[in-house]
Amino acid sequence: MNFDYTEEQQMVRDSIARFVQDDYDWDTRRAIVDSDEGMSRENWQTFAELGWLSIPFSEADGGFGGNIVDMSVVMEEMGKGLVVEPFFPTVVLFGGVVARAGDEAQRAEILESVIGGETLGAFAYVERQSRFAINDCKTTATANGDGYTLNGEKVVVFNGENADKLVVLARTSGGQFDEDGLSLFLVDANAEGVSKVCYPMMDAQRVANITFDNVQLGAGALLGSEGGALPVVNDVVSEALIALASEAVGIMGTLNAKTLEYTKTREQFGVAIGSFQALQHRMVDSMMAYEQAKSLLFKALCEYKIDPASAEATIHALKVLIDRNGKLIYGEAIQMHGGMGITDELDIGHYAKRLMMINATLGDGTFHRSKFIESTYAAA
Amino acid sequence: MNFDYTEEQQMVRDSIARFVQDDYDWDTRRAIVDSDEGMSRENWQTFAELGWLSIPFSEADGGFGGNIVDMSVVMEEMGKGLVVEPFFPTVVLFGGVVARAGDEAQRAEILESVIGGETLGAFAYVERQSRFAINDCKTTATANGDGYTLNGEKVVVFNGENADKLVVLARTSGGQFDEDGLSLFLVDANAEGVSKVCYPMMDAQRVANITFDNVQLGAGALLGSEGGALPVVNDVVSEALIALASEAVGIMGTLNAKTLEYTKTREQFGVAIGSFQALQHRMVDSMMAYEQAKSLLFKALCEYKIDPASAEATIHALKVLIDRNGKLIYGEAIQMHGGMGITDELDIGHYAKRLMMINATLGDGTFHRSKFIESTYAAA
Amino acid sequence: MDIALSAEDLAFRDEVRNFLDTEFDAEMQAHLKSRGSKGMVEWQQKLYAKGWVAPNWPVEHGGTGWTATQKYIWESERSLRGIPDVVPFGLVMVANVIMAFGTDEQKEYFLPRILKSEDWWCQGYSEPGSGSDLASLKTKAERDGDDYIINGAKIWTTYAQHADWIFCLVRTDNSGKKQEGITFILVDMKSEGIKVNPIIGIDNEHNLNEVEFNNVRVPAKNVVGEVGKGWTVAKALLAHERTGIAGVADIKRNMRLIKEAAASEVNGGQRLMDDPGFQQRMADIEVELMALEFTELRTLATMAAGGFPGPESSLLKIKGTELQQATQELRMEIAAYYQGVLPTDMDPEVLGHEFGSDARRAFMYGRAATIYGGSNEVQKNIISKYVLGLE
Amino acid sequence: MDIALSAEDLAFRDEVRNFLDTEFDAEMQAHLKSRGSKGMVEWQQKLYAKGWVAPNWPVEHGGTGWTATQKYIWESERSLRGIPDVVPFGLVMVANVIMAFGTDEQKEYFLPRILKSEDWWCQGYSEPGSGSDLASLKTKAERDGDDYIINGAKIWTTYAQHADWIFCLVRTDNSGKKQEGITFILVDMKSEGIKVNPIIGIDNEHNLNEVEFNNVRVPAKNVVGEVGKGWTVAKALLAHERTGIAGVADIKRNMRLIKEAAASEVNGGQRLMDDPGFQQRMADIEVELMALEFTELRTLATMAAGGFPGPESSLLKIKGTELQQATQELRMEIAAYYQGVLPTDMDPEVLGHEFGSDARRAFMYGRAATIYGGSNEVQKNIISKYVLGLE
């Protein structure tokens, strides 16, 4: 039983932390967010050179062959630095689907350029009406002689603005809510019939609503088996939920540390506000909320490493706790920063907003609490 | 719009408060609780003489003709004094059923002696399996030539140990959960075939499990229409829920006041513990919890006075809030009294226990939250 | 114990409904959305024309003379339609101060202008660094002949960018306790030496400002109340600020919006409205809300009976803002992925969702509710000291 | 990052399971229920015979030499079967103090007797009036030749009615700071001048006592550690007291009981287990519990790596007791009307319900968990000061 990171993991952690410290100060980040693309291509090349983009991919695919803990380390540090470059959509979601569903040729084509930082990707799975139910899919891919015709719309596609390649979840058979009949397709973002409207989100992500109007796809665009997408997607989602929780833990720790620091220096009524016992006890609550979230992340990591299927209930629970404790922590962080906490200038609100979007991604606390109950009490 | 009590209500309030102050100090109460019957017949006569037992009954029935607010005043004061004499089971439940369901002869027979303090009553409606679903009734009353034969068992009958007369809810037709087919019967506690085991509860109530073994009832034992009991019972329950909430508000206010007083005098680390800001803010929370409960009680009273049916959702909400805020208040009262709070000697724990039993009576917070949701969101 | 409305009250309610249905028409609604502060002035002038712009003013100054019940009816009907309250800085705050402490000259000049919405007011209390410890303010006013010369800065000044006047607490004396030596003064925003620096909020909007004072010259006759007694003036105002702050009707309206929206959101075939977890969160809010409504009514009844909204009004502020935030949170939850949408010119049809950005703005703006007007922590200190008697 | 059990650990777990299944048999279970403290001694002697009564003692004194993982396995298996932990006053508390601070003579005399459960110990820390402010204690020990004469009173003394010995903090010097001049001393409960006054708890049981000392003569050699340094001794002990206090395995077991019971409770045809409101309350507890289990494991891992259970153990105490109380509350809720049943000799078949009175006792007794061993408020102060660095 140990909860230590390996030396290698520690090195990755240090390397990201150093990057954030040296090259990602708040003003730099703000300039990147305000730039045309809302991300830095230069940083992305740095990520590639430092090997971060290769971490989850197998050595056979040219990757680092990292496990879920390696991924977690990267995401936690990204969270601490509030890094906006699209690691999550490109590596975790898009890369995750390709690595799992792609055949050797597809993997070779795509993953090498993802790892090299040449290709930015996005996974298009949300629809207007779908909320968090991934099986709720109206986008269709109809088989034609040599391939498929894709029609439909995906919304709030993370990194949709900058992605070169998309993985699109589409229905090859079945009705709107059927779990069978979903398939995955690799689509060039510039293919004919693909159009998009882009908009920024409060957490500085650049997203897009993407419309597919009779987009012609070759047979080679199909990732994995026709109609068998959902299990693959569910695997990617499980890993993505752990990744998001890791990022959230990074953010929660940072919010607590910044707030604690603030209460030690900010004076009111002639004393540091951190000397007020009522606030002290609440900061203890925030600290406990963080430690508990971290512990549950560790549980998910340990279980997932042994057998991903065994971690299902824990992953639902993790999303519930990240949601609940995240709300507590960012709420207290804003409240304790007082007037400063409600300005756009201070970083606190931005950490809060990212945490909120994490909560809303791939199912919020209410959604996963229902899933937890279903998976835990259904048979009892 | 006014929330004042009438002069008459104020007089009743004062009269009960004076009784508690003068004749119901903690040692006296403890002696009563420890006595054979667990109540004082002498006090009961006083209640009769002071007219408290007549309050909810109509003038035609020899009562005071009071409304729901009058009842609330009595119950709140009983709560403050933690009065154990069986006002709630005899007057509110037993009397409530008879007043609503009884014909003139039955009302004349029963209510006069209730008002006079000669008859103690109980309403037997809980069964082993029923939890809070009053329609879940296995006790049967089978029509025979001149009357009915009663068979079955009722449990946790409040005042079951001392009651002279019982109202028993029994099934004259239908299946276990049917809403129709329930009837009410007036049964002498000493009738042949009635047997009981008595036990005390943590809130000093004397209750009984009562078995009916081929108890022969005359036709005159039927209260109201055969098979039509449930609407009557529901009306009594609504009023009883308001009465219990009033008692709870009395208890909550008393717990807060006693705790506040304690924190002002109890010293730790050289100062009164009430000077610790963390405790101050929690006592503010307790105070707000009390005020909110009182406000919702007022809402229920105002609505019920205008039209009982209009108060349904509010009464569910009231039970939810009484449960939740009651837990907060008694929890904090015990916690802030520290070691003393967990002794049997101190009154705090006894107030807490009564509040807990109130929460468990006629449906707890979880139960009524579901009812609230059903009644409020079902059609939306 | 009675909340039944009298025949007069019912008639009044009909009049209110009729007025609002007529005057708060589509055009007015559009103006409020598109014209910002100008739209607000337009609406307030409509209220003025009806004689209803200042329900809390004494009749002799242009108030309505309404009973507590009538005020409650007005407030409920207004909020249920989502009509914003009047901007409080002039009509509620400074007007109350001028009426209670002002000279006849001040009353004659300012009150009619406020009533007609001719002047837009803002509030200069907080300072960079002062926070909840209002009395630690440092902005200095030094006497120079018939004038004061003001130097310093105020912060979190809502709508300063639109304002004609600002009412300020300034320090005229440094020698005593920090609560002493504070003076309440009215300053023309067009005065030389005033600079307004916008602050972008966490809601991505520009409502807040920092207001700098560099040798701003203000006539001494603009002092309200006694020189050095500004703290007393401010305290009287704070209690006024807290009444109505519970925002019960607003929360009710939010709950109505939430139910509508939750009925059309679907998760894998199940309406969010039917999700037991979501239902229970709604129920938890509604139960507290039903109680809060009567807590507010109890306070109103006390005031109507000649009582004063005392420290108990702090309870309304705490519970009200907590519930406001809870409903804002539910709206975010309904918006799901769309909760992150920033203000955009995109057609909702293109965006795919209607209320995401509104939910975000309300949620983010709502963070301030537990901070301003005396943070909820300060409110708890007030209750603790003045209601519970804890020191 | 690894919690996989090694082959050795799995073998150990089998041994534990086998031992518990064999030794904690129906007879033992009945004895524990019916014989009170004697049943407990009987069980501890079985553990002693197996060599497992003191997992945390050093091997040379009779400990097990288990790894942190083994201790965790032991703890889990024990709790899941509902087997009570050993009574801590001797085997955990005073033993640790004697091992760390005692003389050779004290070690030789007391430790074997503790290991064999020959002496029943109780703890004399709190005093009427001292509460969480332990250092304010007033019980006085005055030197008289080779003895001390003790006068005063201790309170909340669990099981004093069964005890052969009591370890006490007494004041030997009044001149300095209140933390100074305190001495840790062992007192034979048969000494003349000791009087035990029972305190009936809110759970209607007699577990607590007040212990009066009237000129009780105690040999000076019974002092543990230096005279006047008892506070240091006590503090070392407090950290020990907090480890394991989270009670994760106990809470898990409670959750299992809750699910079983909720599956057989029915409201109008719907099992309580299927009630969405109840499900969500269970889920909320389980989510926190899953996290707490790993918070405890993280602490154990730190200790195994040579670290010390520092102020972080306060977190385990706070969260653990909160969750304990939350499960106790759910049990009460399941019991519905029966939650009020007092201890009775009635056959559960007659009563109509099995676990009402147990639920009540557990709930009521559980109120103490957030108060004793340093109240949760004190724990928060500790974290605030020593972990967060707030003063």
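Below, read A as the first sequence line, B as the second, and so on, with proteins coming before strands; counting in each chain starts at 1.
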Inset, instruction - Would you check, one step at a time, whether the test salt bridge (Lys or Arg N to Asp or Glu O under 4.0 Å) holds for A:R131 with C:E333? - result: CA-CA 10 Å; A:R131 280 188 74 83; C:E333 190 165 324; 5.8 Å; no
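Looking at C:D275, only its side chain comes within 4.5 Å of chain A, counting heavy atoms on both sides. Contacts between A:F269 and chain C at a heavy-atom distance below 4.5 Å involve backbone atoms as well as side-chain atoms. Only the side chain of A:D364 comes within contact range of chain C, judged by heavy atoms closer than 4.5 Å. For C:L272, the part sitting under 4.5 Å from any heavy atom of chain A is the side chain, from C-beta outward, and nothing else. Looking at A:E153, the atoms closer than 4.5 Å to chain C (heavy atoms on both sides) all sit in the side chain, from C-beta outward. A:R354 does not touch chain C: none of its heavy atoms, backbone or side chain, sits under 4.5 Å away. Of the atoms belonging to A:F132, heavy atoms from both backbone and side chain fall under 4.5 Å from chain C. For chain C, the nearby parts of A:Q335 are the backbone and the side chain; heavy atoms of each come within less than 4.5 Å. C:S264 does not touch chain A: none of its heavy atoms, backbone or side chain, sits under 4.5 Å away.
A donor-acceptor pair is defined here as one N or O able to donate and one able to accept, closer than 3.5 Å; no such pair exists between the side chain of C:D133 and the backbone of A:Q268. A donor-acceptor contact shorter than 3.5 Å links the side chain of A:R266 to the backbone of C:G129.
Within the 4.5 Å cutoff, the side chain of C:V341 has heavy atoms near those of the A:M201 side chain.
With A:T343 as reference, C:I199 is the one residue of C:I199, C:I200, C:I202 to meet the side-chain contact (heavy atoms from CB on, under 4.5 Å) rule.
When all heavy atoms of A:A360 and C:Q339 are compared, the pair lying nearest together is CB-NE2, 3.3 Å.
The choice from A:N135, A:L362, A:T211 that makes the most heavy-atom pairs within less than 4.5 Å of chain C is A:L362.
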